[in-house]
2 protein chains.
Amino acid sequence: MQHLKHCQGLAQVFFIRSQSSRLSKSIIPSLSVWDGHLSCCWRSTGGHGRQKYFNDRLPKFRFALAGLLAGTGAVLAYKLHQDKVQWAATSAQLRVTQTSDLPVYTLEEVTKHCSLDSGVWVTYKGAVYDITEFVAIHPGGDKILLAAGGALEPYWALYAIHQQDHVLEILSEYKIGVLDTESYKKQESANPLDPYSAEPTRHPALQINSLKPFNAEPPASILSDNYITPSVIFFKRNHLPVPRVDPEAYRLEIEGLPGGVVSLSLSELKSRFPKHTITATLQCAGNRRSEMNEVKQVKGLNWGIAAISNATWSGARLRDVLLSYGFGPEVAAKAKHVQFEGLDRDVTGTAYGASIPLNNAVSEEGDVLLAYEMNGEDLPPDHGYPVRVVVPGVVGARNVKWLGKIVVSDEESKSHWQQNDYKGFSPGTDWDTVDFKSAPAIQELPIQSAITHPAEGTSVDRSDREVTVKGYAWSGGGREVVRVDVSVDGGKTWHVAKLRTSDQEQHPAPPPPPGRAWAWKLWEIDVPIPHRAQELEIVCKAVDSSYNTQPDTVAPIWNLRGVLSNAWHRVKVKVSKGFKDQK
Amino acid sequence: MQHLKHCQGLAQVFFIRSQSSRLSKSIIPSLSVWDGHLSCCWRSTGGHGRQKYFNDRLPKFRFALAGLLAGTGAVLAYKLHQDKVQWAATSAQLRVTQTSDLPVYTLEEVTKHCSLDSGVWVTYKGAVYDITEFVAIHPGGDKILLAAGGALEPYWALYAIHQQDHVLEILSEYKIGVLDTESYKKQESANPLDPYSAEPTRHPALQINSLKPFNAEPPASILSDNYITPSVIFFKRNHLPVPRVDPEAYRLEIEGLPGGVVSLSLSELKSRFPKHTITATLQCAGNRRSEMNEVKQVKGLNWGIAAISNATWSGARLRDVLLSYGFGPEVAAKAKHVQFEGLDRDVTGTAYGASIPLNNAVSEEGDVLLAYEMNGEDLPPDHGYPVRVVVPGVVGARNVKWLGKIVVSDEESKSHWQQNDYKGFSPGTDWDTVDFKSAPAIQELPIQSAITHPAEGTSVDRSDREVTVKGYAWSGGGREVVRVDVSVDGGKTWHVAKLRTSDQEQHPAPPPPPGRAWAWKLWEIDVPIPHRAQELEIVCKAVDSSYNTQPDTVAPIWNLRGVLSNAWHRVKVKVSKGFKDQK
């Protein structure tokens, strides 16, 4: 609601053309390469045309994608609404142009309707809509009010989920008129600004969960091929457009220390503090969310098992930087948190933000980095160029990219993502009863493991006698993975897998100091195929140095945001009479 | 085997009379008080006579109790062996006295047979046994060789498990002769020394799992009545006899620091260092082992759910002590562990020992104490008087009692309990395949919770409409319990319990600093009784600040030592047509 005061100004600033045509060019070729591969994975992406792509993909992903939008909207509203409008035989696009019998408004008149009190009007491609009644059921919550009194295009450009026919169908119901020609021209003539126009080029192997903002994971089958994940296929989780930062102009601000605000250039950060390198795994809180969706619909991107990757990170230790600018017992006596702000901003200018507990930030053993290198090179744009925070052992969401500001504070970050998003709840908690204040912001993540080979639905050859099973395992908080158990009979009997800590099997990494095991372990095992088994239910579960284990099943850890999905990972494969037997 | 060099000397030192008669007096009265109560708990202790007590109790407990013995013996050996000797109709006691037709030996002759090479002979009540062949199947491993060439009595006095008829039956099979009268008198005349003669008086409420050494837990039903567990019912887990320590003569030795060995009196420890107080929960690694025994027999004391308690502890911080005697970066560059030795010793003089990682010992946030007070009073004898280590967040076994020595070292403690005992393994690992070097010593414990009310097998009244469920929850490593979920339908639907952090509900404890939540939380909830339910399967599971959760079931975390038993706790109760309905 606080955003409403901006509505007059905002409504006249951002206008762009529909992204439809660009979408079809950018998504489809990259995905079609992987059709053959993906057909044997847990999900299918289907055909090549945009319509077919969405038709195939969206029935599963539609509501999950809605979770991209901030706020606490009713995610099922689209579904209900879509059912309601199915009587409409003509396309939504047609409706937009059927304007002859409707009133004509000026942009000035539209601009006056910028609140729930005055009514909420918006424009789209020259038509005017009164969406006052829709606000309450908007899946993205009241962020829709940002567009009140102006054009929808800039917001839809930010969240590509709106680029769907059924969204236009819903909108068409609220149509009340058209803009006068002069107003429409004025809107059109404003230079269209796509906040995603400067996005970097991505590797075609990535499986895209959301294009704008960009969220993608590598195919599970290639994830465990490398102990150090190549940067180009390291999972990408952006909340907003990638900011392009001039390294010469870049300044990192630090607030909350005795000497006042510090402003640090990139070269100062690199030259004034020792360069510290760690190998650390990052994992999205939503990794394996798709398994929760199979239990009951949750809100969020439908990640598979590969929203986790491992890299080397180099930079200045946050501890060193804070100490050099006056952090000491006096600050520690009052401050409890270190907040981070990214340079990535939404249309209101609000930056992505997060915080971590102060003791983690300044601990001698915390290894929190202001990283400027990933895998020995400058950070790629998707991973926070020129500087990101790396908080090893802690959920990806606190590893703020494109770092612009650090604030030492007695309070947690007030950002949406810290306060009202990345938190865990009981399976019995729903969107009507949830109280985000009742749960702590996710920091350290629990023990995790998953099977990267074989893939669900594939076959193993009985004549091979054994099945090779591979995967990854990791735990948060610096807790080392000490064991991975693998079963091929659904968890009745277990075998202990061999763990790997480097890309060169003969040169394992030295064991980490206790409590500082930031990197995952890859694992592998050959398990005998049980006699007469027609199907194998392959299961893995890991144990960390605190002997924490994964829960057996998904349903009891289900939560409305679909985070912290770390039940045993299960993969079913057929046992086939193989080539050798057929001879 | 290294102990063999002592055998000549040892064999002539300790002799005691059988403890049978004392056992019957000391165990039975304390248990009979609780018969009525226990009958509605998860286990039944049965009648009053010693024979009946053992008959009822031992079929379940026999092999578990064998785990008291150090070493890696084959725990099932007794069972196999007992089956083999069931043809023996006469009592073992009779056999011991049937000596007329057997050779007569002198003590000198017996003493020569003190190794596997020379044969292993022992004496018991004047009879001589060649147990050479039994050594390999002794459940307590090769510790039996300590008695080689001498009397069994002192060792059996130390481990009361041997006070069983079937043990005498086994022994009788190996009888080869009798001692000559002079030798027997010499043994008899040696002043009998019961290493357990100085044990403290214990509270009659305690449920005894083993008398010598003393291991007992409070009844689950009273455990959660107090946020701070009264010292008298705080669970007791002793590995050896309780040493009686003269506080004036007490010295704590510290080795491994630059200035050489430090010797510190009790008054010096109290006066030279600030007194630091924490509230911390201790839990035995074997808490809830009985649930693993129900899956498949494990080796160890058959603990219920109450081998866990919470107390306040005051003492000097280990960090302060080490720093004051020269600990610094130079030591830290080499040392990796801090070892502890108790003043409790076995018959070979070997002290109980354990170690913790150095970083835990010296961390500013570790709160490791050299505690001399428990709940505001001097430590009770059972809890380590005059000084014990309290390592909050870490398994009870490392919280060494009757502390005699601290060694800062590059190595872990070499003690049996650190190297070959308190470790976790895969369910697929058995005593034939176990490699104790392959698993880390348990330090931090995983998330835990259990139901203390209602008790298994009791009834709830349908007319009450709700059932009140109570319990405790705790996690290791300073991770705070953030939520407890309770189900009354076996885990299908879940309710969030209310957490309690003090004995005064209106005065909750202030939230602990992050990573320093050492104390448990008690919890309670009133859950509606489902319509038409005839039986409730009440389940609890907790979540800690790293969002670790408990596994659903016991079998997949089963391990041969029965440690780390932290699956969902389940209690079944009947729903009865109550008084109000019957009116």
Side-chain angles (χ1 to χ4, degrees), chain A residues 285 336 356-360 363-365 393 395 423-429 438-440 442-447 475-477 479-480 482-485 487 491-496 513-516 539 541 543-553 555-558 563-564 566-568, chain B residues 285 336 356-360 363-365 393 395 423-429 438-440 442-447 475-477 479-480 482-485 487 491-496 513-516 539 541 543-553 555-558 563-564 566-568:
Chain A
K336 299 286 172 238
I356 61 172
L358 178 69
N359 65 328
N360 191 356
S363 167
E364 283 189 63
E365 299 175 343
V395 62
K423 296 187 171 188
F425 294 96
S426 173
T429 301
S438 71
I442 300 171
Q443 296 284 346
E444 293 180 4
L445 286 173
I447 179 75
S475 189
R479 291 180 284 281
E480 186 176 2
V482 299
R483 199 180 79 234
V484 173
D485 295 332
S487 170
K492 290 188 195 76
T493 60
W494 297 93
H495 309 261
V496 178
R516 294 166 86 173
V539 187
K541 64 180 173 81
V543 179
D544 71 19
S545 51
S546 298
Y547 282 100
N548 275 298
T549 56
Q550 299 175 241
D552 310 19
T553 56
I557 57 165
W558 184 96
V563 289
L564 304 157
N566 74 328
W568 300 355
Chain B
K336 298 286 173 238
I356 61 173
L358 178 70
N359 66 328
N360 192 357
S363 167
E364 283 190 63
E365 300 175 342
V395 62
K423 298 187 170 188
F425 295 96
S426 173
T429 301
S438 71
I442 300 171
Q443 296 284 346
E444 294 181 1
L445 286 172
I447 179 75
S475 188
R479 291 179 285 280
E480 187 177 3
V482 300
R483 199 180 79 234
V484 173
D485 295 332
S487 171
K492 291 189 193 75
T493 59
W494 296 92
H495 309 262
V496 179
R516 294 166 84 173
V539 187
K541 65 181 173 83
V543 179
D544 71 18
S545 51
S546 298
Y547 282 100
N548 274 299
T549 57
Q550 298 176 243
D552 310 17
T553 58
I557 57 165
W558 184 96
V563 290
L564 305 157
N566 75 328
W568 298 356

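Bear in mind the structure is a predicted one, so any value in this text is a computation, not a measurement. By convention in this document, chain letters (A, B, ...) are assigned in the order of the sequence lines, proteins followed by strands, and residues within each chain are numbered from 1.
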From the list A:Glu365, A:Gln550, A:Gln443, A:Arg479, the residue making the most non-hydrogen contacts under 4.5 Å with chain B is A:Arg479

Select, from A:Gly428, A:Pro357, A:Gly424, the one with the greatest count of heavy-atom pairs under 4.5 Å involving chain B.
A:Gly424

Where on [X] is there a heavy atom nearer than 4.5 Å to chain A: the side chain, the backbone, both, or neither?
X	result
B:Asn548	both
B:Thr493	neither
B:Lys541	side chain
B:Ala439	both

Once rounded to the nearest 0.5 Å, what's the spacing between atom OG of B:Ser438 and atom NZ of B:Lys423?
7.5 Å

Might you point out which heavy atoms bring [X] and [Y] nearest each other, and give the distance in Å?
X	Y	answer
A:Pro514	B:Asn359	O-ND2, 3.2 Å
B:Asp485	A:Pro427	OD2-CD, 3.8 Å
A:Ser475	A:Pro446	OG-C, 4.1 Å

Of all of [options], which one pairs up most often with chain A through heavy atoms under 4.5 Å apart?
options	answer
B:Trp494, B:Tyr547, B:Phe425, B:Trp568	B:Tyr547
B:Val496, B:Ile442, B:Ile557	B:Ile442
B:Arg483, B:Glu364, B:Glu444	B:Arg483

Has the side chain of B:Asp552 got a donor or acceptor atom that lies under 3.5 Å from a matching backbone atom of A:Thr553?
yes

In the structure I gave you, are the side-chain heavy atoms of B:Ile447 and B:Val543 within less than 4.5 Å of one another anywhere?
no

Proximal component of A:Leu564, with respect to chain B [non-hydrogen, under 4.5 Å]
side chain

